[in-house]
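Side-chain atoms are counted along with the backbone in the values below, which use heavy atoms only and exclude waters and symmetry mates. Everything numeric in this text was worked out from a predicted model, so none of it was measured. In this chain, numbering begins with 1 at the start of the sequence shown.
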Amino acid sequence: MESARIVAGLVRMIGDVGLAEELAQDAVLAALEQWPEAGVPDNPGAWLMAVAKRRAVDHLRREERRDRGQELLARDLATRPDEGERDVDEVVDALDGEVGDDVLRLMFVSCHPVLSTEARVALTLRLIGGLRTDEIARAFLVSESAVAQRIVRAKRALADANVPFEVPSGPERAARMSSVLEVVYLVFNEGYSATAGDDLMRPSLCLEALRLGRVLAELAPDEAEVHGLVALMELQQSRSAARTGPSGEPVVLHEQNRGRWDPLLIRRGFAALLRARQAGGPLGPYVLQAAIAACHARAATPEETDWPQIAALYEALVRVLPTPVVQLNRAVALAMAHGPRAGLTLVDALTGEPALKGYHLLPAVRGDMLARLGRHDEARTEFERAASLTRNTAERAVLLRRAATCAQEAQDAAREAREAREAREGREGREAREGREAREGREAREGRNEAAEAGVGRDEVAEAGATGGDVTLGRAMTLFLTRPGLSADTVRSYNQTLTRLCRHLGEDVPLRDVTSHRVAEVFAATWGTAAGATWNRHRAALRSFAAWAAERGWAAAGLAAPLDRRPEPRGRIRPIDRSLLESLWQRPDLPPRERTLWLLLYESAAPAEWALSLNVDDLDLPGMRGEVKARGHWLRWQSGTAALLPLLVGDRRRGPLFLADRRPGPGRRPAAADLCPHTGRGRLSYERAEYLFKRATAELDPEGGGYTLHRLRHSRLAHLGEDGWSAPMLMSLSGHASARTLHGFVRVPRPADTVA
């Protein structure tokens, strides 16, 4: 842990990297000899540095170096008594230049132009990161002997060139910056996902890389790539606490508890990404990777991740950094955005890449995609191969568990297929051969007629007829959704159900092998806790598909039989109690934006989308109203909102009224109309506003889920109806197009209430 600082301090004194490493090792040997008897000092790092510096002073005395600075140092140390480490440090610190950070100086020395790019990175990883030769080789996907030769030649070249121990300035600094950034990121990656050992991460390396990146950002404030690298490391480091489970096992991104992500590091990452955007210039690899990390950080749940946007960013990244590893990551994004088959096509094209021959993540990614397609035997082989290639114990354990899961899935699928085949053969054995042939001929004709009616091409008909009972789930889904007479909404609804079914069972699984038991498991895992209306909608879609497939003999009868219909609540939405809303408005911890938005929605009884579309220049504050220009309607509020709006608007004159929490990243720029010119933040989205209201009202809701903005609006209409408002009055306030839709909120007067 102290090696980089000790070596850097010694290089500053003697100017020789190789000799500095030897003197640092001498200090470690002295510690191994003395500490067992004398005990470990309170500050082991300072002890090692003091011993190493004294060894360096002895060397300077013996060699009598000609360099002026070193002669002055040796003469000064020789003429004054040795008072320990403090005396040595005072003299050495007098040589400090622009940046008081020896490790940073050592990085720029290691990245000197006299060295090749490969030698610069390898030497800096060895000196700064303290990595072994084999670990550096795995980071570069090259042999250990090649890395060892690079390091030896690099030390010799630096000694021969007498490279000064300093941070360069001007054009020279810019020329060496890309190598420094590459080294910092490789050090971070080794800490973020260790190539070997029992632990998944090395936190000290991550923190050191972050520290060096932040120092570089101060040195080069106009370099977009420097800020992009810092943003990338901040955002990735924010997930470190959630990346391992209780026993240290790795937790994949979509299964992580996002509540454990560090919000401070996320805010720092977005701030660094904004500085990168302000620096201007073309988007470099680190800025693009940071934008990808920002897409993950913005998603409150895995389902909200914008995978199409991530795939587009990887497409841009491939153009500026066309490496096999970037292509592999792009394949993962394509699989998440467009299905595993799209990603597998690209992964298969990478299997012949020599650089990825021993890269364990290639078979791991391929195994994951095969498993999602239902090809469990092939997936098991890939996971086992990945486990044999990784040298990290924690990763190996996870990969072996996935291989075992795939093996069990393959056995279960084979058993179910065998049972289905035996049952089918038993039924067929009881039927007359002539009857079976007649039925099969009739079903084939019906299948052809159905395909023709659906407008399916001749090739698709031939394919469906040729496969017969082996029609796959994905193929049947396509034929089912392309039938004529289905509305766009129906196709969209059915597609949601069947796509989720394909994702769990695999698109390539034969439809005859899909059992009602497996379908019930998918429904329980996916929609087991959903509301009755949601469950029934997906159940109806499956029942329609199952009946259609059974008519063609492609699926077993009763595929949806175990799925019972769930009761759905009837009647209009129950209003939120007035006293609960009053307690909500009075909460002292409620942020001004949320308090203003919710009170505005309640007092105006308008849709949340209308309120969120308001701009500052649409407001008529004295008249207590705001114009929804897209609807031609004025929202009207009362004194509660009128008192809060001036505080929320402040000095702003244009732009959205309700702003998001932070500025948008470069990969997700909103339209100009949705961007505040004063703060740079975008318009608050409906999804975010809904989430905030649910979270704030979770304690008020007896069911614990929190209330929706739609229910808040209906509560206002119900309360006004109770106060005697008529349907036309409610219509004028809320913007409803028809008074008929408001009759449910109006209290019908009793005879005693009628005025004569």
Side-chain angles (χ1 to χ4, degrees), residues 1 3-5 8 101 103-104 106-108 110-111 117 120-132 135-141 176-197 199-220 223-244 250 253 256 261-262 264-266 268-273 275-276 284-294 296-297 317 321 323 325-326 329 359 361 392 394-395:
M1 292 175 63
S3 63
R5 299 182 185 276
D101 194 313
V103 178
L104 188 61
L106 186 59
M107 289 188 67
F108 275 95
S110 303
C111 297
T117 302
R120 298 176 204 173
V121 179
L123 180 61
T124 311
L125 282 175
R126 180 71 182 88
L127 298 179
I128 308 299
L131 306 186
R132 299 191 308 273
E135 294 172 331
I136 301 173
R138 287 186 61 80
F140 280 108
L141 303 176
R176 288 155 65 179
M177 185 64 73
S178 61
S179 292
V180 174
L181 295 179
E182 184 177 3
V183 168
V184 171
Y185 192 42
L186 284 173
V187 173
F188 179 84
N189 274 340
E190 180 59 32
Y192 192 72
S193 183
T195 56
D199 298 324
L200 178 67
M201 295 180 292
R202 296 179 179 179
S204 60
L205 285 181
C206 292
L207 295 178
E208 180 68 8
L210 266 173
R211 185 186 70 84
L212 292 173
R214 291 165 183 164
V215 172
L216 281 174
E218 295 296 328
L219 276 174
E223 290 286 341
E225 279 292 85
V226 175
H227 295 299
L229 174 60
V230 173
L232 176 59
M233 294 190 297
E234 299 276 16
L235 292 171
Q236 289 184 328
Q237 181 66 12
S238 70
R239 303 195 294 260
S240 59
R243 292 185 66 235
T244 55
L253 181 61
Q256 290 177 12
W261 288 5
D262 192 330
L264 175 60
L265 291 178
I266 292 176
R268 287 179 175 175
F270 280 116
L273 196 55
R275 288 192 289 271
Y286 294 114
V287 175
L288 287 170
Q289 291 178 78
I292 292 170
H296 290 294
L317 181 60
L321 192 66
T323 66
V325 173
V326 173
N329 282 277
Y359 193 48
L361 291 182
N392 185 280
E395 283 188 332

Could you pull out the closest heavy-atom pair between [X] and [Y], with the gap in Å?
X: Ala290; Y: Gly228; answer: CB-O, 3.5 Å
X: Ile266; Y: Ala297; answer: CG2-CB, 4.2 Å
X: Pro285; Y: Leu321; answer: CB-CD2, 4.0 Å
X: Leu232; Y: Ala293; answer: CD1-CB, 4.2 Å

Quick check for you: to the nearest 0.5 Å, what is the distance between [X] atom [atom1] and [Y] atom [atom2]?
X: Leu253; Y: Arg243; atom1: CG; atom2: CZ; value: 9.5 Å
X: Met233; Y: Leu265; atom1: CE; atom2: CG; value: 11.5 Å
X: Leu317; Y: Asn329; atom1: CG; atom2: CG; value: 8.5 Å

Taking the side chain as everything from C-beta on, heavy atoms only, tell me whether [X] gets closer than 4.5 Å to [Y].
X: Leu229; Y: Phe188; value: no
X: Leu235; Y: His296; value: no
X: Arg214; Y: Glu234; value: yes
X: Glu223; Y: Leu181; value: no
X: Tyr286; Y: Glu182; value: yes
X: Val230; Y: Arg268; value: no

Quiz prompt | side-chain contact (heavy atoms from CB on, under 4.5 Å) assessment of Asp262 paired with Gln237 | solution = CA-CA 8 Å; Asp262 192 330; Gln237 181 66 12; over 6 Å; no

Quiz prompt | Any residue meeting side chain to side chain donor-acceptor pair (under 3.5 Å) with Gln289, in chain and number order, not counting sequence neighbours | solution = none

Self-check item: N/O donor-acceptor pair under 3.5 Å between Glu225 side chain and Val287 backbone
Solution: yes

